Amino acid sequence: MKSQGQHWCSSSDKNCKVSFREKLLIIDSNLGVQDVENLKFLCIGLVPNKKLEKSSSASDVFEHLLAEDLLSEEDPFFLAELLYIIRQKKLLQHLNYTKEEVERLLPTRQSVSLFRNLLYELSEGIDSENLKDMIFLLKDSLPKTEMTSLSFLAFLEKQGKIDEDNLTCLEDLCKTVVPKLLRNIEKYKREKAVQIMTPPVDKEAESYQGEEELVSQTDVKTFLEALPRAAVYRMNRNHRGLCVIVNNHSFTSLKDRQGTHKDAEILSHVFQWLGFTVHIHNNVTKVEMEEVLQKQKCNPAHADGDCFVFCILTHGRFGAVYSSDEALIPIREIMSHFTALQCPRLAEKPKLFFIQACQGEEIQPSVSIEADALNPEQAPTSLQDSIPAEADFLLGLATVPGYVSFRHVEEGSWYIQSLCNHLKKLVPRMLKFLEKTMEIRGRKRTVWGAKQTQISATSLPMAISAQTPRPPMHRWSSVS
C-alpha cells in the first residue's frame, strides 16, 4: 500500500490512481479546519501520534491512512466510516458509498474504537459554556492554552486521567456540568462489557469434563469451521421484530403437555418486554403450521424489524417436532422458510429458533422415568443437518440428540424457564449478545440422577447457552 502512496504517478494504471487521489482531494476541499481536527482525533491509536500532530490538512491525514494500509482505492471504507462519524455524509458519494450502505456495514467493519466514538460523541455534547465550567473545575492541572471540547478530552486522555477502563474523572465532570451526557457513558459501558464478554464456565460444568461426551468433538469442530467471522447485527430499526410461539398442549394419542402454558406465558412476557411483537398459536396441526410458516415468511413487518424469533413447545424426536395431530415436521423444513431466498426481508438479520421438545427417549443416564418420544434415533446424525446452509440462524434445543427433555407439570420446562430467566437477567446486554464468536455448548444438571444437556447449533456470531438451575425433586415429567 505504501507503493500506492509513493508511486501512484509512475505505474501503468496511472489514470486510475490519479482518479482516486483526485477524489480524495475533492473530499479535502470540502472539509474545514474543525473537520480535520475531528479526523485526526478519530485516527488516534490507528495512526502514530507524531504523524497526526504534523497533519495540517485532510490530505495529510489521507496520506497517513494510505501509508498505514487503512485506505486504498479498492477498500476506502475506513475513510467512509470517518466521514460518517463527523457527519459529512454527502461526501460519501466520492467513495461510492451511501449513508445507508455505511450504516449496514458498520456493525461488521467498524475500525474506530468504542472509546474513541464515546469521546467524540461527548465532545459534540459539550458546548462552550460547559467546556468553560469543566476547565474551571480542573484549572490547576490544565495548560494555559485555548481548548476546544475535543482537545480538552484529548488532553485528559494523554495525561492518563481517562482511558477506556477509567472514566471516573469524565463521569464526575459530566455529573456536575452536563448530566445528560452520563447516558452516553452508560451506553459505552454496556457495549464494552458485551464486546469483551465471553460465556462463563461454572465449576459444576467443569466437573463433568471427565465424563463421556454427549456432543462429539467432531460435531463441535464441524460447526465452528462452518461459522463466519464475528459480526455485530444492526439492532436499531423501527421495532425489535416478531416472536412467534407455537404451543402444543393436546395431541391425538400422545400425552398432554401439562405445564406448557407456563412456558408460553413466560416467553410471551419476556419477548414483549424486549420489544418484540408476540404471536401465540395453540395446538397447531400440520396444516395450521404450514399456514403459520407461510404467513410469517411473507410478513411485511420483517422489513422494519431487527430480528426474528420462533419458539416451538411440543413433543418431538431427533431433528423433528410433532404437530398437535401428530404429524412429524422436520426442524430443517420449518427453518428453511426463513432463508434469505425464501424470506428476503429477513436477509442478514438474526433468526432465532428455540425448541422445547424431546429429541429421543434416552435419559442421561437412564433412570426409571417414562419418556414418550416416538421412534428414537439410536445413532443420530449431525445436528447441523437441521440448520439451513446459510448464515444468521441460531437453533437452540432443550436437549441433545437422542435424549428426552424435562418439563415440570406446573412450572414449565427447565430449558424455557432458564432461557427466559437469563434473558431477563442479562438485559440490556443480551440485545448485543450477537457480537461474539459462535459457540456450541452443553450444560448438564441433575435430577434423580438424570441429566439434561441443552445445545445451541448456530450460524450466528454468538449462541445463547442457557445455564439450567437444579430443579426441585418433585413433579417432573420427561415428556417435552
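Being a predicted model, the structure only gives us computed values, none of them experimental.
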I want to check something: taking the side chain as every heavy atom from C-beta on, are I331 and I312 in contact at a cut-off of under 4.5 Å? no
Using the salt bridge (Lys or Arg N to Asp or Glu O under 4.0 Å) rule, collect all pairs that involve residues 289-300, keeping only residues at least two apart or in two chains. none
Any donor-acceptor pair under 3.5 Å from H302 side chain to C298 backbone: no
Is there side-chain contact between L46 and F78, with at least one heavy-atom pair below 4.5 Å? yes
Taking C-beta and beyond as the side chain, do D75 and R109 meet within less than 4.5 Å on heavy atoms? yes
Which residue pairs pass the salt bridge (Lys or Arg N to Asp or Glu O under 4.0 Å) test when at least one of the two sits in residues 112-122, sequence neighbours left out? R116-E157
Please collect all ring-ring contact (aromatic ring centres under 6.0 Å, His included) contacts where either partner lies in residues 97-134, sequence neighbours excluded, each pair once. F77-Y97
Inter-residue atom distance S59.OG - L24.CG, 0.5 Å rounding: 9.0 Å
Provide the closest heavy-atom pair for G125 versus V178 in the form atom of the first, atom of the second, distance. O-CG1, 4.2 Å
Quick one: does L95's side chain get under 4.5 Å of L83's, heavy atoms only? yes
Students often mix this up, so state it plainly: with edges at 30° and 60°, are the rings of F353 and F338 parallel, tilted or perpendicular? tilted
Spacing of L170 atom CG and L119 atom CG [to the nearest 0.5 Å]: 6.5 Å
Are the side chains of I86 and L39 in touch, meaning some heavy atoms are under 4.5 Å apart? yes
Mind jotting down which residue pairs meet the salt bridge (Lys or Arg N to Asp or Glu O under 4.0 Å) criterion with at least one end in residues 37-46? Sequence neighbours excluded, please. E37-K40
What I want to check is whether the side chains of S55 and H64 have a donor and an acceptor closer together than 3.5 Å. yes
Grab the two heavy atoms, one from M289 and one from V284, that are nearest each other, plus how far apart they are. N-CG1, 3.2 Å
Tell me which pairs pass salt bridge (Lys or Arg N to Asp or Glu O under 4.0 Å) where either residue lies in residues 80-101, with sequence neighbours left out. R87-E124, K99-E103
Can you see which heavy atom on L182 is nearest to which on C174, and at what distance? CD2-CB, 4.0 Å
Summary of side chain to side chain donor-acceptor pair (under 3.5 Å) pairs that have at least one residue in residues 26-35, sequence neighbours excluded: Q34-N38, D35-Q88
